[in-house]
Amino acid sequence: MPGVTMSYHPATSEPHWQQAWADAESFRAVRDERPKYYVLEMFPYPSGRIHMGHVRNYTMGDVVARFKRAQGFSVLHPMGWDAFGMPAENAAMEQGGHPRDWTYGNIATMRDQLKPLGLSIDWSREFATCDDDYVAQQQALFLDFLDAGLITRKSAQVNWDPVDMTVLANEQVIDGKGWRSGAPVERKELTQWFFRISDYSDELLSAIDGLDGWPEKVRLMQQNWIGKSRGLQFRFQTVDAPDGFDEIEVYTTRPDTLMGASFVALSPDHPMVKQLAAGNAEIAAFIEECRRIGTTEEAIETAPKMGFDTGLSVTHPLDPDWKLPIWIANFVLMDYGTGAIFGSPAHDERDHEFATKYGLPIRATFGEKGMDLAAADGMVAKAPYVPLKSETVSYVRGFSGQPEQSGEAAVTAAIAHAEEQGYGEGVTKYRLRDWGISRQRYWGCPIPVVHCDSCGTVPEAKENLPVLLPQDVSFDQPGNPLDRHPSWRQASCPECGGAATRETDTMDTFVDSSWYYARFTSPHAATPTDRADADYWMNVDQYIGGIEHAILHLLYSRFFARAMVKTGHLPEQAKEPFDALFTQGMVTHEIYMTRDARGRPVYHLPEDVTDGTLADGTAVEVIPSAKMSKSKKNVVDPVNIVASFGADTARWFMLSDSPPERDVEWTSAGAEAAYKFLSRLWRLADDAPEGGDDPELTRSAHRAIADVTKSIESFAFNKAVAKLYELANAVGKSKAGGEARREVLRITAQLLAPMVPHLAEEIWAKSGGIGLVVDAGWPKADPALLVDDTVTLPIQINGKRRAEISVAKDMPKDEIESLVLADETVQKFLDGAAPKKLIVVTGRIVNVVA
RNA sequence: GCCCGAGUGGCGGAAUGGUAGACGCAGCGGAUUCAAAAUCCGCCGGAGCAAUCCAUGCCGGUUCGAGUCCGGCCUCGGGUACCA
């Protein structure tokens with residue numbers, strides 16, 4: 001029985017309180033008269049076991065959930081599983097078995113590991129995105145989106161493994177080769193399904209201004225990702241180009257540099273390049289070489305600049321006698337702008353590198369303020385001149401606006417010039433591309449459409465949903481098992497009733513995670529959402545997750561919420577689904593390494609290393625902390641920590657020391673220290689001497705209430721922890737006894753409850769608390785107990801601290817000034833002279849300028 | 001490459017432009033103990049006998065005053081559209 005054990009023993013007390021909460025249904029989310037609060041942590045991928053990163057993430061969310069609950073909110077705090085994805089298929093390939101069994105097995109394991117943490121989760125709302133029901137609702141959403149014109153089909157490039165005959169994910173391409181086959185990967189075009197997120201570019205961009213509860217860094221990243229730009233679109237007239245390519249359309253954000261143009265560069269995927277390649281083996285070979293770079297922006301941008309001179313040319317729009325050569329360049333992206341650019345090497349790093357490599361002219365358009373043509377040309381010969389657009393420069397080859405103006409002004413003037421003369425127009429473009437959701441993989445949500453010879457691509461009828469994955473599949477050969485399944489593809493056309501073929505693409509798993517927050521508001525509804533529940537619970541008041549999701553997941557979710565509003569599945573207010581966002585850091589650990597006979601690294605688990613040596617005495621090399629990963633074996637299993645120290649210790653350690661947004665290093669010393677402190681709290685509550693009041697202790701308790709409340713509200717859990725250490729130290733030192741002491745202990749229990757809920761219940765019970773602390777509400781600080789009558793003012797002389805004085809809190813400035821001037825140290829420094837300046841910052845500091 | 005962060009004692013970190021190092025870990029000294037563990041008390045950035053000086057990744061700037069603001073770097077981390 002808790003309360004009568006003689007020492008802190010979480011192994012018995014934690015299950016006891018978890019049972020008490022379960023019996024009281026403390027965490028069941030209900031719609032009632034209280035204001036609601038929806039706290040959500042990014043749901044986990046069921047990889048097999050929970051790790052410390054999960055413990056940290058879910059503990060933080062739990063602190064918020066329990067804190068808000070204590071403050072009188074009706075809290076929704078759910079949990080689910082992001083259950084589709086590649087690892088399940090990889091496991092099936094490597095170890096046999098079925099992705100479904102692997103996934104649900106992992107979920108069962110991880111749920112069992114998560115529950116002992118004592119999280120205040122409403123488990124009745126749990127679901128996995130691979131559940132038939134979730135698949136059904138997601139397919140219903142897809143059909144509604146299709147109907148609303150939010151979905152399109154078009155061609156896109158994928159990584160193609162020519163040996164395995166399969167599409168590879170970017171992470172499966174290593175140094176340009178397929179991870180299994182080792183064959184050089186090719187870019188291949190496929191017709192794919194897309195969500196038309198780019199229709200919402202401007203909306204998603206401008207709405208960022210309203211996301212007050214989001215970190216500035218995430219808002220900035222999203223802004224840059226959407227990438228709104230204003231530029232000039234115009235056409236170069238070609239000379240001797242193939243039929244149908246009399247003009248090449250280009251887009252530039254720097255039309256003011258047009259007079260410094262030295263070449264035109266086309267993407268290897270540009271239609272004219274494809275046309276040229278058909279009749280020119282050299283060009284075809286060059287394109288093939290470019291296509292080996294891979295599909296990622298990173299690979300394309302960091303690859304060495306390669307160009308191919310087509311021998312063709314264009315005429316300059318401002319001078320018909322001026323010819324510019326047409327090159328094909330591997331760094332020009334077909335996805336952005338028009339797939340064609342003009343190079344202006346004097347004012348662009350990449351163009352400069354390209355021009356230098358291929359001996360193309362470098363001609364300055366502008367130079368530093370006051371420079372003439374020769375000086376400007378001289379400056380850009382070795383390196384490009386790329387000042388901020390807001391900086392004023394001297395145009396030496398300008399053609400519109402003033403000779404001296406900012407880049408910004410010159411761009412505007414150049415666009416106006418082009419529109420007047422009729423050779424181009426100002427356009428706004430976005431970097432954001434449509435969201436390709438087609439995956440040529442088995443373990444995902446099937447796209448509910450069929451292909452009919454007579455009707456074309458036809459959406460499946462809603463009454464035929466869900467389209468479920470076939471179970472009888474094997475992963476003993478590469479490629480998508482859906483493609484080779486004997487019968488699954490056979491369907492009938494919902495329009496004509498004739499024979500049709502099922503779509504075998506499944507959806508990107510980002511689709512699954514783009515609306516799970518909405519499903520949690522009514523997880524068992526027969527439609528994707530229930531309107532009354534969505535109205536009550538949306539939006540997510542506090543969303544918590546890793547910074548690695550700052551762009552894709554969060555942007556897709558923002559789009560998806562808008563799409564759900566448009567199709568009537570969410571109320572208008574939910575188009576920005578996350579009111580506040582917090583991004584937490586990773587959990588890291590040192591890496592322990594030895595080397596085998598051939599010098600290859602061998603990694604060791606932390607639990608096998610004591611004082612830098614293995615059990616057999618071999619010394620290990622200690623590598624600085626990095627994100628916990630299985631391959632480096634620098635992992636600490638939360639299950640072991642909970643078994644030896646209890647959940648509260650794991651929780652407390654994850655909250656202490658490091659600020660939540662930063663990485664935290666797991667150390668065994670830190671975990672032991674956490675356990676020691678919790679044991680001390682336990683003893684403190686046990687030791688209840690009779691005695692009287694201690695006004696200082698009461699003041700400490702109320703200061704702690706104020707500080708802990710503020711710290712939790714601002715996500716500074718490490719500071720809340722520090723304040724609770726201070727309070728515990730104050731209790732330990734105080735002579736207070738009896739009810740006065742018990743009252744402070746009850747406050748301590750209330751303040752501890754969001755962080756270490758089991759121990760808080762123990763302390764609450766021992767110190768005469770009624771009922772459960774989880775139902776006790778949040779304490780309020782008495783403002784009268786928070787103010788000090790006197791303050792200590794440091795005295796600086798010329799900015800360096802030299803002395804201090806103690807004054808009444810409300811002493812007028814002139815009195816402080818005379819006290820300061822009378823101070824011995826000040827007089828010594830002034831040496832009889834009058835101070836040049838005397839700065840008194842009330843309640844803060846005094847600075848004497850001698 | 002591009003976008004976004006972070007960098008403070010031996011270590012994790014604290015500090016509305018106002019006493020740099022709260023709180024904790026490690027370490028050192030003491031109490032208790034036959035002894036140890038546990039616990040409790042004290043000290044704890046560096047140099048110096050001291051006055052004082054040096055110190056928040058590096059270089060410069062703004063300010064009475066900069067860890068904090070501005071400019072330029074370095075290192076590490078996240079993202080880079082099919083990892084989740």
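Letters A, B, ... mirror the listed sequences (proteins, then strands); counts begin at 1. Note that the coordinates shown come from a computational prediction; the quantities given were computed from them, not determined experimentally.
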Once you round it to whole Å, what is the distance between [atom2] of [N] and [atom1] of [X]?
X      : N     : atom1 : atom2 : value
A:I805 : B:G18 : CD1   : C1'   : 14 Å
A:W102 : B:A84 : CH2   : P     : 11 Å
A:R187 : B:C82 : CZ    : P     : 14 Å
A:I845 : B:G17 : CD1   : P     : 14 Å

Taking only the [atom1] atom of each, what is the distance from [N] to [M] in whole angstrom?
N     : M     : atom1 : result
B:C69 : B:G18 : C1'   : 14 Å
B:G1  : B:G17 : P     : 34 Å
B:C3  : B:G45 : C1'   : 37 Å
B:C73 : B:C82 : C1'   : 36 Å
B:G21 : B:A55 : C1'   : 11 Å
B:A26 : B:C43 : C1'   : 14 Å
B:U8  : B:C54 : C1'   : 15 Å
B:U32 : B:A38 : C1'   : 11 Å

Between the protein and nucleotides 67-77 of chain B, list the N/O to N/O atom pairs that are separated by less than 3.5 angstrom.
none

With a non-hydrogen cut-off below 4.0 angstrom, is A:V846 in contact with a base, only sugar-phosphate, or nothing?
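The answer is nothing, as A:V846 stays clear of every strand by at least 4.0 Å.
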Heavy atoms only, 4.0 Å cut-off, all strands: where does A:P44 land among base, sugar-phosphate and nothing?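 If one applies the 4.0 Å heavy-atom cut-off, A:P44 turns out to touch nothing in the nucleic acid.
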Whether the [X] and [Y] side chains hold a donor-acceptor pair (N or O, under 3.5 Å, no angle test) is what I'd like checked.
X      : Y      : result
A:D483 : A:T504 : yes
A:D663 : A:S658 : no
A:T583 : A:Y543 : no
A:W81  : A:T103 : no
A:R662 : A:Q584 : no
A:D161 : A:S181 : yes

Centroid-centroid under 6.0 Å between A:F354 and A:F331 rings |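 That pair passes the under 6.0 Å test.
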key: Aromatic centroids of A:F717 and A:W652 separated by under 6.0 Å   =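 Distance test on ring centres: not under 6.0 Å, no.
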Check nucleotides 2-10 of chain B against the protein and report each pair of N or O atoms closer than 3.5 Å, with its distance, or say if there are none.
{"residue": "B:C3", "atom": "O3'", "partner": "A:N224", "partner atom": "ND2", "Å": "2.8"}
{"residue": "B:C3", "atom": "O2'", "partner": "A:N224", "partner atom": "ND2", "Å": "2.9"}
{"residue": "B:G7", "atom": "OP1", "partner": "A:R662", "partner atom": "NH2", "Å": "3.1"}

With both pairing distances under 3.5 angstrom for Watson-Crick or G-U wobble, and | for a partner in another strand, the correct string for RNA chain B is (((((((..(((.....[....))).(((((.......))))).(((....)))..(((((..]....))))))))))))....
* To do: May I ask you to decide if A:V167's main-chain N or O and A:N159's side chain share a donor-acceptor pair within less than 3.5 Å?
  =>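 Such a contact is absent between A:N159 side chain and A:V167 backbone.
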Criterion side-chain contact (heavy atoms from CB on, under 4.5 Å) on A:I845 and A:Q796, from CA distance to verdict:
CA-CA 8 Å; A:I845 202 168; A:Q796 290 186 337; 3.5 Å; yes
With ring pair (Phe, Tyr, Trp, His ring centres under 6.0 Å) as the test, would you mind laying out the steps for A:Y8 and A:Y675 before giving the verdict? CA-CA 9 Å; A:Y8 179 48; A:Y675 181 77; 5.6 Å; yes
Item checked: Ring-face cation of A:K154 near A:F194 (centre distance under 6.0 Å, axis angle within 45°) -> yes
A:S658 vs B:G13: side-chain N/O to OP1/OP2 distance below 4.0 Å:
yes
With respect to the phosphate group of B:C53, does any side-chain polar atom (N or O) of A:R802 fall under 4.0 Å of OP1 or OP2?
->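 Checking B:C53 against A:R802, a side-chain N or O does come within under 4.0 Å of OP1 or OP2.
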Protein-nucleotides 47-51 of chain B N/O pairs closer than 3.5 Å?
none

Throw together a table of side-chain donor-acceptor distances under 3.5 angstrom for residues 835-842 of chain A, partners on residues two or more places apart or in other chains.
{"residue": "A:K836", "atom": "NZ", "partner": "A:A850", "partner atom": "O", "Å": "3.2"}

Side-chain atoms of A:R844 come closest, of B:U16, B:G65, B:C83, to B:U16
Check the interface with nucleotides 20-26 of chain B: list each N/O to N/O pair with the protein under 3.5 Å, or write none.
{"residue": "B:A22", "atom": "O2'", "partner": "A:E726", "partner atom": "OE2", "Å": "3.2"}
{"residue": "B:G24", "atom": "OP1", "partner": "A:N729", "partner atom": "ND2", "Å": "3.1"}

Under the side-chain contact (heavy atoms from CB on, under 4.5 Å) criterion, do A:W515 and A:T129 qualify, and how do the steps go?
CA-CA 10 Å; A:W515 72 285; A:T129 55; over 6 Å; no
